[in-house]
Trainee: 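Sharing a structure with you now.
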Number of protein chains: 2
Amino acid sequence: MQDTAASSQLNALKVACSACNLRELCLPVGLSDDEMSSLDNMVSTRRSVKRGESLFHSGDAFAALYAVRTGFFKTVVSATDGREQVTGFQMAGELIGLDGISNDRHSCDAVALEDSQVCLIPYGQLESLSREFTLLQHQFHKIMSREIVRDHGVMLLLGSMRAEERLAAFLLNLTQRLQARGFSASALVLRMTREEIGSYLGLKLETVSRTFSKFQDEGYLEVKQRDIRIIDQDALQRVVNGAGC
Amino acid sequence: MQDTAASSQLNALKVACSACNLRELCLPVGLSDDEMSSLDNMVSTRRSVKRGESLFHSGDAFAALYAVRTGFFKTVVSATDGREQVTGFQMAGELIGLDGISNDRHSCDAVALEDSQVCLIPYGQLESLSREFTLLQHQFHKIMSREIVRDHGVMLLLGSMRAEERLAAFLLNLTQRLQARGFSASALVLRMTREEIGSYLGLKLETVSRTFSKFQDEGYLEVKQRDIRIIDQDALQRVVNGAGC
DNA sequence: CGAGGCGTTGAGGAGGATCAACCTTCGTGG
DNA sequence: CCACGAAGGTTGATCCTCCTCAACGCCTCG
């Protein structure tokens, strides 16, 4: 039934947040040595998830949050009639599973788009620890709030932008996050299909493909399947700002 | 500059959560007597906001959350180019302002759609108190998580539903929340304009109006401006489930 | 080397946007 | 208390963006 349990391994290796190069992007931002070592105790397990596998499914019991260590995920909500919506793409340092707190069950699927590793953050322990450490508590609240603000931004995109604006905003957001992780601001490899991008942006895959081609024709991008090179970032920014009006 | 400060009054009246009829819908859900009385101390101020006025604006410093006591609000995010998106409508017992935690500034406007009263929840005190009281901490986390789940539902709506499905889902959601507050499941008065509904649903006001008319023609609703009577709730539910396909 | 998944491109159609006219309701001030 | 104006709501005609359906090419992986 649960393919995740079968095929993803649990690594008992000791993993220290304090030694992780993502600590400035992840939950531990700004913690003291003391707090950091408590966090190290809590975040003791990693889990590997192969491409295509799920970290959890909608309906699964909620027990832990997951911090992406390596790899790339999407989260997907499904309606009763089978309709699906990609609600986000998560990369290194980002937290997955916050949806589960609301009623102790996950309300979306989290699927690895490439072979990935996550750090397990047992939720009960996180609550205990944040009663003890003000900074950790505050940082955790910030992360939840940031997710809410991000979601509102996506609503703005879905509710009021046209196809070109949506794709441009998406690409700029991706490159910005990649840049924060030390990658190039101009060359990126998409980990998701056109259909997944379309689902996230409220467009059909053909529209995504056509819009990529259009951006290439305009000289904004170079598109080779999933390899994207951004040639004119300012032009994309102008597209987002509704320069077409 | 700040019209809110000028025209909304601060009521120093002692207001007890423990005596509030919204306590089962609001932050205090499930708290013990002890915890409840600490909450009473924290939530000591109410604020009145007249119709059309803002509780806070995007960019304002964040200091407190607000629990709607009476009335009705909308929250609106704005893009740099002036585009606006209504991200939610809040009624009695619902919390406003969670967006502000992320970076100590609000990222949306909260506007009263009728004369309203809110309870002020000073955020610093809420953090202190939730370090002390496990249940309060957990309840607060649940509320944030619920907002994230709600937002994902809106994304599904905006990304994959057609106009009729969106409006039907909207109406069912409204009546459900009103019913939880003891109101009729079939008769409701809309507190917002067609344009605000449209903004929330990613539609133009004309489309909202036409869809209302269509639902009326089909015999699902009786529409008299802002007075709505739901005649066939099941039919609306079928519309949401994509019965048109 | 073949099959299947993914991506591109074209043609045609539909849903919702836009523009416009008109009606209704409500608040304000004479 | 009524008249007026502004804001909100309805409806129609037309247009445009994006969806749908379809064919085909490319890349990957067994």
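Residue numbers start from 1 in every chain, and the chains themselves are labelled A, B, ... in the order their sequence lines are given, proteins ahead of strands.
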Trainee: Write down the distance between CG (B:Leu113) and C1' (D:dA7), rounded to a whole number of angstrom.
Mentor: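 In whole Å, D:dA7 C1' and B:Leu113 CG are 15 Å from each other.
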Trainee: Rounded to whole Å, please give me the gap between CG in B:Asp227 and P in D:dT10.
Mentor: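 In whole Å, D:dT10 P and B:Asp227 CG are 12 Å from each other.
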Trainee: Rounded at 0.5 Å granularity, tell me how far OG in A:Ser209 sits from CG in A:Leu203.
Mentor: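 Those atoms lie 12.0 Å apart.
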Trainee: Does the base of C:dT18 carry an N or O that pairs as donor and acceptor with the side chain of B:Arg210 under 3.5 Å?
Mentor: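 Indeed there is one.
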Trainee: So what does B:Gly202 hit on the nucleic acid, given a heavy-atom distance under 4.0 Å: a base, only sugar-phosphate, or nothing?
Mentor: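 Sugar-phosphate only.
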Trainee: Look at atom CZ of B:Arg226 and say whether more than 12 heavy atoms of other residues, nucleotides or ligands are closer to it than 6.0 Å.
Mentor: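 Atom CZ in B:Arg226 is crowded, with more than 12 foreign heavy atoms closer than 6.0 Å.
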Trainee: Return the value, rounded to whole Å, for the distance between atom CZ of A:Arg166 and atom P of D:dT17.
Mentor: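 For the pair A:Arg166 CZ and D:dT17 P, the rounded distance is 14 Å.
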Trainee: Counting only side-chain nitrogens and oxygens, does A:Arg226 get under 4.0 Å of the OP1 or OP2 atom of C:dG7?
Mentor: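 Checking A:Arg226 against C:dG7: at least one side-chain N or O falls below 4.0 Å of OP1 or OP2.
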Trainee: In this structure, how many angstroms lie between the P atom of C:dG10 and the CG atom of A:Asp217, rounded?
Mentor: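 Atom CG in A:Asp217 sits about 10 Å away from atom P in C:dG10.
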Trainee: Charged N to carboxylate O under 4.0 angstrom, A:Arg181 versus A:Glu94?
Mentor: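 Judged by the 4.0 Å cut-off on N to carboxylate O distance, A:Arg181 and A:Glu94 do form a salt bridge.
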Trainee: If every non-hydrogen atom of A:Arg83 is compared with every non-hydrogen atom of B:Leu156, which pair is closest and at what distance?
Mentor: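 The pair with the smallest heavy-atom distance is O-CD1, 4.2 Å.
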Trainee: Rounding to an integer number of Å, can you tell me how far A:Glu195 CD sits from D:dC19 C1'?
Mentor: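 In whole Å, D:dC19 C1' lies 14 Å from A:Glu195 CD.
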Trainee: Send over the distance from B:Phe212 CZ to C:dG16 C1', rounded to a whole Å.
Mentor: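 The answer, rounded to whole Å, is 17 Å.
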Trainee: Start at the 5' end of DNA chain C and walk down; is the nucleotide closest to B:Thr207 or to B:Arg51 reached first?
Mentor: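 In this pair, the answer is B:Thr207.
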Trainee: Assign B:Ser209 to base, sugar-phosphate, or nothing according to its heavy-atom contacts below 4.0 angstrom with the strands shown.
Mentor: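 Base contact - B:Ser209 has a heavy atom under 4.0 Å of at least one base atom.
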Trainee: Under 3.5 Å, is there any donor-acceptor pair linking the side chain of B:Gln225 to the base of C:dC26?
Mentor: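 Answer is no: no donor-acceptor pair is held.
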Trainee: What is the separation between atom CD on A:Glu165 and atom C1' on D:dC18, rounded to the nearest whole Å?
Mentor: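 Whole-Å distance recorded here is 14 Å.
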Trainee: Just the rounded figure in Å: distance from P of C:dC22 to CG of B:Leu205.
Mentor: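 That distance rounds to 18 Å.
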Trainee: Contact class for B:Leu203 vs. all strands (heavy atom < 4.0 Å): base, sugar-phosphate, or nothing?
Mentor: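 Touches sugar-phosphate only.
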Trainee: Which atom names give the shortest non-hydrogen contact between B:Val149 and A:Asp99, and what distance separates them?
Mentor: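 Closest heavy-atom pair between B:Val149 and A:Asp99: CG2-O, 3.5 Å.
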Trainee: Check the phosphate of C:dT9 against A:Ser213, side-chain N and O only, distance under 4.0 Å to OP1 or OP2. Yes or no?
Mentor: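 Yes, A:Ser213 has a side-chain N/O under 4.0 Å of OP1/OP2 on C:dT9.
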Trainee: Should the side chain of A:Glu206 and the base of D:dC21 be counted as holding a donor-acceptor pair, with the cut-off at 3.5 Å?
Mentor: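 It does, because a donor-acceptor pair links the side chain of A:Glu206 to the base of D:dC21 below 3.5 Å.
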